[in-house]
Amino acid sequence: MKLRNPPVNSLSLELLTELVISLEKLENDKTFRGVILTSDCPRVFSAGLDLTEVCGRNPAHYTEYWKAVQELWLRTYLSSLVLVAAINGACPAGGCMMALSCDFRVLADNPKYHIGLNETLLGIVAPFWLKDAYVNTIGHRASEQALQLGLLFPPAEALQVGLVDQVVPEDQVLGAALSAMARWLAVPDHARQLTKNMMRKATADRLLRQRDADIQNFISFICRDSIQKSLQVYLEKLRQRKG
Amino acid sequence: MKLRNPPVNSLSLELLTELVISLEKLENDKTFRGVILTSDCPRVFSAGLDLTEVCGRNPAHYTEYWKAVQELWLRTYLSSLVLVAAINGACPAGGCMMALSCDFRVLADNPKYHIGLNETLLGIVAPFWLKDAYVNTIGHRASEQALQLGLLFPPAEALQVGLVDQVVPEDQVLGAALSAMARWLAVPDHARQLTKNMMRKATADRLLRQRDADIQNFISFICRDSIQKSLQVYLEKLRQRKG
Amino acid sequence: MKLRNPPVNSLSLELLTELVISLEKLENDKTFRGVILTSDCPRVFSAGLDLTEVCGRNPAHYTEYWKAVQELWLRTYLSSLVLVAAINGACPAGGCMMALSCDFRVLADNPKYHIGLNETLLGIVAPFWLKDAYVNTIGHRASEQALQLGLLFPPAEALQVGLVDQVVPEDQVLGAALSAMARWLAVPDHARQLTKNMMRKATADRLLRQRDADIQNFISFICRDSIQKSLQVYLEKLRQRKG
């Protein structure tokens, strides 16, 4: 499955909805057992949430958008399919969220391809369920430090902290992802799916128990004047950089 | 304490019951403060559950057997004694379960002596409390991967992932286990026991709160035609290999 | 903030109270965003709890003292300030408790400067909330072993197990702490504080839900004849060593 929302695969409401529907279709089609997630945009796996969706809109839009973000995470984190991330570009914030939901992560060895949850640097805070997935992957202490500092890890560090499972030369990312997929598909589906669910259900349940509270929390935070202002400044900078 | 149920120390109902009773006796005898667990069978620490106990029998037998498995785990995991595993052979599944319950694990440096929870490869699933003990030992991410793929770790990898604490040449396993025991026995018993309980009680309590549900879950799973069939195929292979 | 209670910065009731009040003042003074915690006593960061406060006194005193210990931990662990520990000396037990509450730990590279929770060696047990903070920092398995054995880690081992974040030559400890502080202060305060709270609140809440039970537990333990006797023996030894 190739992410294609040029130039940087921002997770627009449209892309989120498409991803969820595609994944649902693949899960219901018994001929599919695994999916490799990669990017069709050069140098970027996904830049993460689409900030134009959370800046200058109304609460109803924020609600719809955040529900879609939650839905994508729940779908991918609990997917019965084997998901392998072939990370062929930068992978901050929401891009990292998708990678964290996969079963195996291969990162291209390019010093510009950083990965991590850098929300604090924009003055915002990762949701608790994404924090939980981070802790499950790299442990509590590393998460505490990385989340507070908004760290983005270059390949070697990402491998060392356990944020990715393998770092390979850029032209071998897809090959390595296919090899990983073969190893995962060698396991009987039913036992693997039950085991995956056993490992991840408690974490997903924490969100399922409080989806509405999580939405309210997001809206009240994102609607603050100070947050809106800092997002506008950031978006303006991005536009100038492109211009 | 030397496990002796040739040829591979399968955890038969009889062996499980004997182990629990022996442990109980040692715990009540105040002259004993620690136990080293090792194998009397060449090249195998323990092959794990005795599949003949869970294949082609009736639900009453499965209930009795699974209760005994739970009991052994609870007894060893919460033992007030210092338990050191001197792993002098292969240590898959139920063998690994016993090793995980110990306070310290020494593994003989033989590339054939693999250790891990490989249940998925047989199409079955480790119980949640064994998953919890795995996570407590090697962390969440390593467990997620190892449990889904049914990984068996050779000595160097087992040491690196933290599944064992020490790898030594085969003829030094018992010596290293005795040295470890001496270090653990240098600590005042009472403070050590309270500390051990503080570390492990929450994990054991999760099983104690739902022992019956765990038994029901095991029985309904193991009674499935597909599972019984795949176990039969596997047992048949084992018999042919021996024959 | 320099700890000064010669000769070894024992956490007397007075020092605990002072620390809590100072921290409260700094948190309410918006010109302060971070604090570096270090020692004014040569060769010792802090020797930990003041055993004269828990030996040969009455239950009312123990209650007051333990409340102050809890209060210091809660204040530091949840502090909205950036706390950096510049550990310029030995750091056992209660000293390690303070270091664990910080956001970043720098340790001087002196083989005599050990750090860890060595309570079991005195026949006592670390409280559950300190165990939780240990697990959050170095993981479950390392904590299980270190707490039971009462391990004190020399600098290189402390770094490897993740108990400190950086080891530097003794004369560079403060400089390294200042550099770390600069990195942490580069993050917007509000987002960093919310993230820190998200990471630590569940752990602090476990104590807040049962502060009284934790006090009762401490008192009934510390009042035992056997514990009082072993503390007296230990204090006597310390006095002779000094004399």
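Below, each value reflects all heavy atoms present in this structure, side chains not excepted, and no hydrogens, waters or symmetry copies. All values derive from a computational prediction rather than experimental measurement. Residue numbers begin at 1 in each chain, while the letters A, B, ... track the order of the sequences.
The residue among A/Ile138, A/Leu194, A/Val187 with the most heavy atom pairs within less than 4.5 Å of chain B is A/Val187. Considering only heavy-atom pairs separated by less than 4.5 Å from chain B, the leading option among A/Arg183, A/Gln193, A/Arg200 is A/Arg200.
There is no contact between B/Ser230 and chain A, counting heavy-atom distances below 4.5 Å. In this structure, chain A has no heavy atom under 4.5 Å from any part of B/Glu119. Within the 4.5 angstrom heavy-atom criterion, only side-chain atoms of A/Asp165, from C-beta onward, approach chain B. Heavy-atom distances place the backbone of B/Ile124, and not its side chain, under 4.5 Å from chain A.
The shortest heavy-atom contact between A/Ser39 and A/Val44 is OG-O, 2.6 Å.
Between A/Lys131 and A/Glu144, none of the side-chain N atoms (NZ, or NE/NH1/NH2) sits under 4.0 Å from a carboxylate O, so this pair counts as no salt bridge. Ionic pairing of B/Glu71 and B/Arg211 is present here: one or more N-O contacts between side-chain nitrogen and carboxylate oxygen are shorter than 4.0 angstrom.
Relative ring orientation between B/Trp66 and B/Trp129 is described as tilted, the plane-to-plane angle lying within the 30° to 60° band.
Under the side-chain hydrogen bond (donor to acceptor under 3.5 Å, both in side chains) rule, A/Asp214 has a single partner from A/Lys67, A/Gln70, A/Arg209, which is A/Gln70.
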